Amino acid sequence: MKLLLVFPLLIPLSTAILCMLTWYNRSLQRSLALLGSGALLVTAIRLLTRVTVHGIQAVQMGAWPAPQGITLVADLFSSVMVLVSAVIGFAVMLYSLAHMDSGRESHGYYPLFNFLMMGVCGSFMTGDLFNMYVWFEVLLTSSFVLIALGGERAQVEGAIKYVTLNLISSALFLAGVGILYGLAGTLNMADLAVKIPQLGKTHLVTACALVFLVAFGIKAAVFPLFFWLPASYHTPPVAVSAIFAGLLTKVGVYALIRVFTLIFVGETSFTHSLILVVSALTMVTGVLGAVAQNEFRRILSFHIISQIGYMIMGLGLYTVAGLAGSIFYIVHHIIVKTNLFLVSGAVERCGGSFELKKLGGIYLKFPLLAALFLIPALSLAGMPPLSGFFAKLSLIQEGLVLKEYLVSGVALVVGFLTLFSMMKIWHEVFWKDAPVGAAPLTARRQESLAGLLFPVALLALLTVYLGVGAEGLFWLSQRAAQQLMHPSEYLAAVLKR
Amino acid sequence: MEGMLAVVVGVLYAASFYLLLRPSMVKLIIGLGLLSHAANLLLFTVGRVTRVNPPIAPVGALAPVEPFANPLPQALILTAIVISFGVLAFAMVLLYRSYQMSGTDNLNEMRRTDS
């Protein structure tokens, strides 16, 4: 069943096309989109089980053999990423059905959402660098329209910053691809992994690696390239910011991990140490930026940045255990961060605002919502027994083993500051009394709250499960990291040697 | 030839970064356009500029006549041009919409989402 690898791309594509064909029938679009994300979820589960049982799967598009044709590859890392994206896609789709306004729905929200999912899955599964550029553009273009859809003034302003910086990053990525092609004469990632060490031009390759580091660094929002993120993520509707917060920066992290474990491994003492320094700085600036914020979603946006630092810390350590920690962290973070954004939307529906000053007293009126905030919030800060604790534990443990005391210390302190930030939200939004003159809740709004809380509860359960049953995911990330650190299986699957 | 193209690529990059750093929206658009031109020309140059046979097999033959040019860089550039064209068109509409809403093309006045 080689077609299994194509399905994660075909399902969102056909869903998007069907949604466009039923443009004027909003309720049909809603059912189609829900069906599509459900089908993607099922396929992703099947893909992961297949890769776990049978090893790395590769399929050549158009049956052209590997270096010439375009390859789709699913190793454990990419299939885990596809699965967690599908989970998030499904949860956010459920949320959108209850949350998205009819104006955006009838102007193409569902087709765009599916194109975005296609781009995300494509970037995770491609085995060719130029093809990755194309998938990046697919997901970027749909995200450009999604972020601007609705055309509110803040949205347009955020979109300009988002679009500009992402276009610059794409141009750099393209330039890097070009230089690499000029050096090695191939763009197939497995083929590059074979040919780059034979070139002997270590310094040229390292210079090229830095172009990629900057290009993917902008997408992943690492220090000092993150400024577009907190300027734009809080402007679109909550469902859109939630899917962006969960997936888009992580595509950048995925790309970083992929190229810096497969292709650019010639001078790890320089490149990966640089990544380690960047990761520490990213953690610190992100969390300190969050302290200064007073808007729910802006606080969360800054926390995305600080968490990106943890994710690339494992890459900087460049050991099996470090990368396993990174993969665990990415999975944990995608679920938790999306969930927090979804909670912010439910809070906005109850309290009528994202500003901490205008909110308050949610705990008294909606204890369930408060509990559902607390689970992902504590997980984000790394409280046991939730998933964040094990994610941080594995990274910091490996940092200490490798005697990288500084970055491990930073990771610990940043965990505390994250807790501080989450407690600030807890206190301001849920615990303190409602401010005088706060808008009272109308009956219609209260009714639709159940539809918002269902996906939130689903993701919260998943967080608890990943914490209590961390061993399963940990085993999976360990095996995925082994495949990344010893790419011989990957090369064999793609190049058929 | 490569040397000259390298200089052109450098000038394009310099000009685009200069324009991107200006506060005007129009210059931002032109800067983004030049940036993608620079990347495309870079791809073209590093893909080796050669004066040989076109990579098309003559009638009856199975392969092009050696030595033939490498068609891949052109294919990559073509893809990149189409993508950047579409994205730039979107960016232009976005900036125009922003100009309509705010009545200014000064990017320095866009601080609403920063704090």
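Proteins get letters first, then strands, A, B, ... in listed order; numbering begins at 1 in each. All values derive from a computational prediction rather than experimental measurement. FYI, side chains are in, hydrogens and waters are out, and symmetry mates aren't considered; it's all heavy atoms of this structure.
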Of the listed B:Val9, B:Thr79, B:Ile77, the one with the largest count of heavy-atom pairs under 4.5 Å with chain A is B:Thr79
Output, in order, the C-alpha distance, side-chain angles, deciding distance and verdict of side-chain contact (heavy atoms from CB on, under 4.5 Å) for B:Leu35 and A:Ile168.
CA-CA 8 Å; B:Leu35 190 63; A:Ile168 293 171; 3.9 Å; yes
Give the member of A:Thr164, A:Thr141, A:Leu187 that has the highest number of heavy-atom pairs under 4.5 Å with chain B.
A:Thr164
Less than 4.5 Å to any heavy atom of chain B: does that hold for the side chain of A:Tyr133, its backbone, both, or neither?
side chain
Rounding to 0.5 Å, atoms CG (B:Leu28) and CD1 (A:Ile160) come to a distance of 8.0 Å
Can B:Val46 and A:Tyr181 be said to form a side-chain contact (heavy atoms from CB on, under 4.5 Å), step by step?
CA-CA 8 Å; B:Val46 295; A:Tyr181 179 74; 5.7 Å; no
Proximity breakdown for B:Leu94 and chain A, heavy-atom pairs closer than 4.5 Å
both
Verify the neighbour count for atom CZ of B:Phe90: are there more than 12 heavy atoms of other residues, nucleotides or ligands below 6.0 Å?
yes
So, the side chain of B:Arg48 versus the backbone of A:Gly182: is there a donor-acceptor pair under 3.5 Å, distance only?
yes
Applying side chain to side chain donor-acceptor pair (under 3.5 Å) to A:Glu152 and not counting sequence neighbours gives A:Arg104
Tell me, side chain or backbone of B:Ser102 under 4.5 Å from chain A's heavy atoms, or both, or neither?
both
Output, in order, the C-alpha distance, side-chain angles, deciding distance and verdict of side-chain contact (heavy atoms from CB on, under 4.5 Å) for A:Val156 and B:Tyr99.
CA-CA 10 Å; A:Val156 171; B:Tyr99 172 70; over 6 Å; no
So for B:Ile29, is it side chain, backbone, both, or neither that comes closer than 4.5 Å to the heavy atoms of chain A?
neither
Just verifying a value: how many Å separate B:Arg97 CZ and A:Glu157 CD, rounded to the nearest 0.5 Å?
13.5 Å
Cut-off 4.5 Å, heavy atoms of chain A, and the answer for B:Tyr13 is side chain
Check whether A:Phe130 gets within reach of chain B through its side chain, its backbone, both or neither, counting any heavy atom under 4.5 Å.
side chain
Go through the atoms of A:Val138 and report whether side chain, backbone, both or neither lie under 4.5 Å from a heavy atom of chain B.
neither
I need the residue from A:Leu140, A:Leu172, A:Val145 with the largest number of non-hydrogen atom pairs under 4.5 Å to chain B.
A:Val145
Any chance OH of B:Tyr96 has more than 12 other-residue heavy atoms, nucleotides or ligands included, within less than 6.0 Å?
no
Using every non-hydrogen atom in the two residues, find where B:Met101 and A:Arg153 come nearest and quote the distance to one decimal.
SD-CA, 3.7 Å
Using non-hydrogen atoms only, which part of B:Leu76 is less than 4.5 Å away from chain A: side chain, backbone, both, or neither?
both
Taken to the nearest 0.5 Å, the spacing of B:Leu72 CG from A:Gln68 CD works out to 10.0 Å
Determine which residues belonging to residues 61-68 of chain B lie within contact range of chain A, meaning some heavy atom pair is under 4.5 Å apart, and list them by number or answer 'none'.
none
Could you tell me which non-hydrogen atom of B:Ala80 sits nearest to which non-hydrogen atom of A:Leu174, and how far apart they are?
CB-CD2, 3.5 Å
Neighbour count above 12 (heavy atom, 6.0 Å) for B:Met92 CE
no
Under 4.5 Å heavy-atom distance to chain B, tell me which part of A:Ala148 shows up: side chain, backbone, both or neither.
side chain
Minimum heavy-atom distance between A:Ala175 and B:Ala39, given as atom pair plus value:
N-CB, 4.4 Å
